[in-house]
Structure formats: C-alpha cells, structure tokens
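Here's the structure, in structure tokens; my notes come after.
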Amino acid sequence: MDDRLAPLLQRVELRSRVFYAGNLCSLVNFDAVEGVGHLHLLKAGRLQLTAPDGRVRQLDEPSLVFFPRASHHRLSADEADGADLVCASVEFGASFGSPLVHGMPPLLVLPLREAPAMRGVLDALFTEAFDERSGRDAALNRLSEVVLVYLLRHAIEHGLLRSGVVAGLGDARLAKALNAMHAAPERPWTLQGLADLAGMSRARFAAHFGEVVGEPAIEYLAGWRLSVAQGLLTQGRQVKSIADEVGYGSPNALTRAFTQRLGQTPTEWLAQRIGLVPA
C-alpha cells in the first residue's frame with residue numbers, strides 16, 4: 001500500500017508537548033513563539049476562539065484547532081460551565097521552511113465528527129488528559145503526536161488543503177514525485193525525471209506542481225535538501241559527512257546553498273540554533 005506520509009515523516013522531527021489539560025473557565029492568550037505552533041482539542045463545552053486576524057469563532061461542538069505556525073491567538077470559555085480542553089505546542093524540527101507547514105492555512109478547525117477515524121486515539125488522549133495515572137505526561141505527548149499524524153492523513157485523504165506539500169501528497173501523480181524526493185534527496189533529480197515518475201509531460205508536470213505545491217519542483221527539492229541537512233546537523237553530524245547524503249557534491253557546495261537560502265553558514269546556523277550565539 002502506497003504510504004504518502006512515511007518518507008516525509010521519517011525525515012521531519014515532529015514533536016508535540018501537552019502543556020494544559022483541564023476545564024478552561026477563563027480567557028487565555030497564546031503568544032507567537034518562532035517555530036512553534038499550537039494544537040487545541042476541545043472535548044466538551046463551548047469555546048470562543050480569536051484568531052490572529054482578530055476574527056472570532058464560536059466552537060459549539062468537540063473540535064480540533066490547529067495553528068501550524070507561530071500565531072498569537074486567544075481562547076475563552078464561559079466562567080460557569082467552562083470547556084474541557086487539551087492544549088499542546090507543536091514543532092516540526094529545524095526544517096528550512098518546514099515542508100509540512102508550507103502551504104498550510106494559518107488556522108485549521110476540524111469538527112471531530114468529521115474525522116471518525118480519529119475517535120480511538122482521541123478517546124485514549126482524553127482519558128489520559130482527565131485522569132492522573134503513571135506516565136500521563138509522556139502518554140499525552142505521544143498521543144498528541146499521533147493525532148497530528150492522523151490530521152495529516154485526513155487532510156490528504158479528504159483534500160482538506162488546496163496548496164502546499166500536503167495537498168501535493170493528496171494528488172496521486174504528484175505524490176509519486178514528492179515521495180521520491182522525500183525518500184532520496186541525495187539523487188540527482190531532474191524536472192524530466194520527476195515528470196516521468198508522475199506520468200506527465202515535463203511542461204504539464206512543472207505547471208501542475210507549481211499550482212498545487214506553490215513553488216517549482218526543483219525549488220522545493222532544494223528546500224527539502226536543506227531541511228534534511230538541518231536535521232542531520234542538529235543530530236551532531238558534520239557538514240563534510242552529510243553533503244553527499246543531501247544531494248550536494250561537496251561540503252563547499254552545501255555551505256554555499258545553505259548560506260544563499262538561509263543567510264548563514266551551517267556552523268553559524270547551528271550555533272544560533274543551540275543557543276551559543278544570540279539570534
């Protein structure tokens with residue numbers, strides 16, 4: 001069975017940390033922290049959501065609220081009844097313009113009744129959230145990550161997103177080319193080679209990829225290679241040992257590409273990433 005997410009998720013460090021689980025009966029502001037998104041799961045009650053653009057949305061049924069990028073937003077519930085809520089911070093690793101985030105809308109709201117396949121994992125998450133058992137925090141963090149994978153799967157299978165890599169993975173032809181790039185960034189992919197994988201002409205593939213994913217295929221490949229490079233660097237790998245692994249013929253070639261796109265050398269970027277130098 002064709003797994004459209006596996007090659008991507010094997011390279012992207014998806015992390016989620018639950019920091020609140022309980023009955024919300026007040027107003028809470030969430031700050032925008034670079035590189036951190038938010039996942040909110042409403043189990044029961046009514047919740048008022050104020051989005052970054054100031055728009056207010058009333059949630060009257062169990063729902064999933066996902067901010068894929070750093071976003072200042074507000075949640076509030078009635079003081080008398082409150083709302084049973086689980087909140088988690090979400091990070092997609094050190095990726096350059098994380099592919100999973102690319103093309104996603106600022107806010108995604110999904111009524112849970114529209115995603116029956118999530119019911120099992122959500123039941124387990126809510127049971128952990130509103131009980132005090134050994135290993136609760138670890139279980140919640142892992143379950144919230146599984147919820148995110150289910151959300152991505154749901155978005156692919158139901159065409160939930162109109163653009164970005166997740167939308168591309170929902171396209172049977174583009175998915176073949178995207179999976180190939182995700183699985184083997186080191187290969188010398190060409191536009192023609194990717195078009196052949198998709199079963200399309202070179203011109204049609206180029207146009208269709210740009211329309212759906214939002215950028216040219218070779219540009220996406222370049223960004224993906226740097227995403228993989230960043231992940232390897234944070235694992236302690238050296239530039240000279242990863243250049244071939246991410247599709248560059250030499251450490252100098254990787255450093256030039258890295259600096260051109262990110263404005264920093266790999267060494268400078270990593271030092272800032274781990275806090276050795278100020279941002």
Side-chain angles (χ1 to χ4, degrees), residues 1-15 35 91-103 149 152 156 164-203 205-206 208-210 212-274:
M1 188 173 179
D2 181 26
D3 190 335
R4 302 183 186 186
L5 275 174
L8 181 59
L9 292 178
Q10 285 171 359
R11 298 280 193 173
V12 173
E13 187 182 5
L14 172 62
R15 291 187 298 177
E91 295 182 64
F92 293 107
S95 297
F96 166 75
S98 179
L100 280 175
V101 174
H102 178 75
V149 174
L152 294 170
I156 290 172
V165 66
V166 176
L169 290 172
D171 184 296
R173 295 174 297 177
L174 295 184
K176 295 177 181 178
L178 284 165
N179 274 346
M181 288 188 276
H182 293 156
E186 75 282 0
R187 291 190 58 179
W189 297 110
T190 64
L191 189 61
Q192 184 62 60
L194 293 170
D196 290 343
L197 285 174
M200 304 171 71
S201 71
R202 183 176 182 275
F205 172 77
H208 190 52
F209 192 101
V212 176
V213 179
E215 64 180 318
I218 299 304
E219 288 295 311
Y220 177 84
L221 174 61
W224 171 243
R225 284 171 168 167
L226 293 182
S227 294
V228 175
Q230 286 179 307
L232 295 173
L233 287 169
T234 59
Q235 294 172 19
R237 299 280 299 277
Q238 300 294 316
V239 173
K240 62 183 179 182
S241 73
I242 68 173
D244 287 341
E245 195 171 335
V246 295
Y248 290 92
S250 69
N252 287 339
L254 172 57
T255 297
R256 284 195 300 271
F258 201 101
T259 304
Q260 182 179 5
R261 282 178 170 261
L262 280 76
Q264 296 174 304
T265 67
T267 302
E268 291 169 342
W269 174 84
L270 185 60
Q272 181 173 306
R273 172 76 181 179
I274 62 179

| task | Count the heavy atoms belonging to other residues, nucleotides or ligands that lie under 6.0 Å from CD of Gln238, then report whether that count exceeds 12. | result | no
Would a 4.5 Å heavy-atom cut-off, applied to side chains only, mark [X] and [Y] as touching?
{"X": "Phe205", "Y": "Asp196", "answer": "no"}
{"X": "Val12", "Y": "Ser227", "answer": "no"}
{"X": "Leu14", "Y": "Val149", "answer": "yes"}
{"X": "Phe258", "Y": "Thr265", "answer": "no"}
{"X": "Val165", "Y": "Tyr220", "answer": "yes"}
{"X": "His208", "Y": "Val212", "answer": "yes"}

Minimum heavy-atom separation for [X] and [Y], please, with both atom names.
{"X": "Lys176", "Y": "Leu197", "result": "CD-O, 3.4 Å"}
{"X": "Ala243", "Y": "Pro251", "result": "CB-N, 3.7 Å"}
{"X": "Leu178", "Y": "Gly168", "result": "CD1-C, 3.6 Å"}
{"X": "Leu194", "Y": "Ile218", "result": "CD1-CD1, 4.3 Å"}
{"X": "Leu226", "Y": "Leu262", "result": "CD1-CD1, 3.9 Å"}
{"X": "Pro185", "Y": "Arg11", "result": "CD-NH2, 3.7 Å"}

Return yes if some donor-acceptor pair links the side-chain N/O of [X] with the main-chain N/O of [Y] below 3.5 Å, else return no.
{"X": "Thr259", "Y": "Arg256", "result": "no"}
{"X": "Trp224", "Y": "Met181", "result": "yes"}
{"X": "Arg173", "Y": "Ala198", "result": "no"}
{"X": "Trp189", "Y": "Ala184", "result": "yes"}
{"X": "Arg237", "Y": "Ser241", "result": "yes"}

Rounded to the nearest 0.5 Å, what separation is found between the [atom1] atom of [X] and the [atom2] atom of [Y]?
{"X": "Arg202", "Y": "Gln192", "atom1": "CZ", "atom2": "CD", "answer": "6.5 Å"}
{"X": "Thr255", "Y": "Gln264", "atom1": "OG1", "atom2": "CD", "answer": "12.5 Å"}
{"X": "Leu9", "Y": "Arg4", "atom1": "CG", "atom2": "CZ", "answer": "14.0 Å"}
{"X": "Gln230", "Y": "Ile242", "atom1": "CD", "atom2": "CD1", "answer": "9.5 Å"}
{"X": "Gln272", "Y": "Thr267", "atom1": "CD", "atom2": "OG1", "answer": "13.0 Å"}

| task | May I ask you to decide whether Glu186 forms a salt bridge with Arg225, counting only side-chain N to carboxylate O separations under 4.0 Å? | result | no
| field | Arg261 and Glu219 ion-paired at < 4.0 Å | value |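 Salt bridge between Arg261 and Glu219, a charged N being under 4.0 Å from a carboxylate O: yes.
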| field | Verdict with supporting geometry, Leu169 and Leu174, side-chain contact (heavy atoms from CB on, under 4.5 Å) | value | CA-CA 7 Å; Leu169 290 172; Leu174 295 184; over 6 Å; no
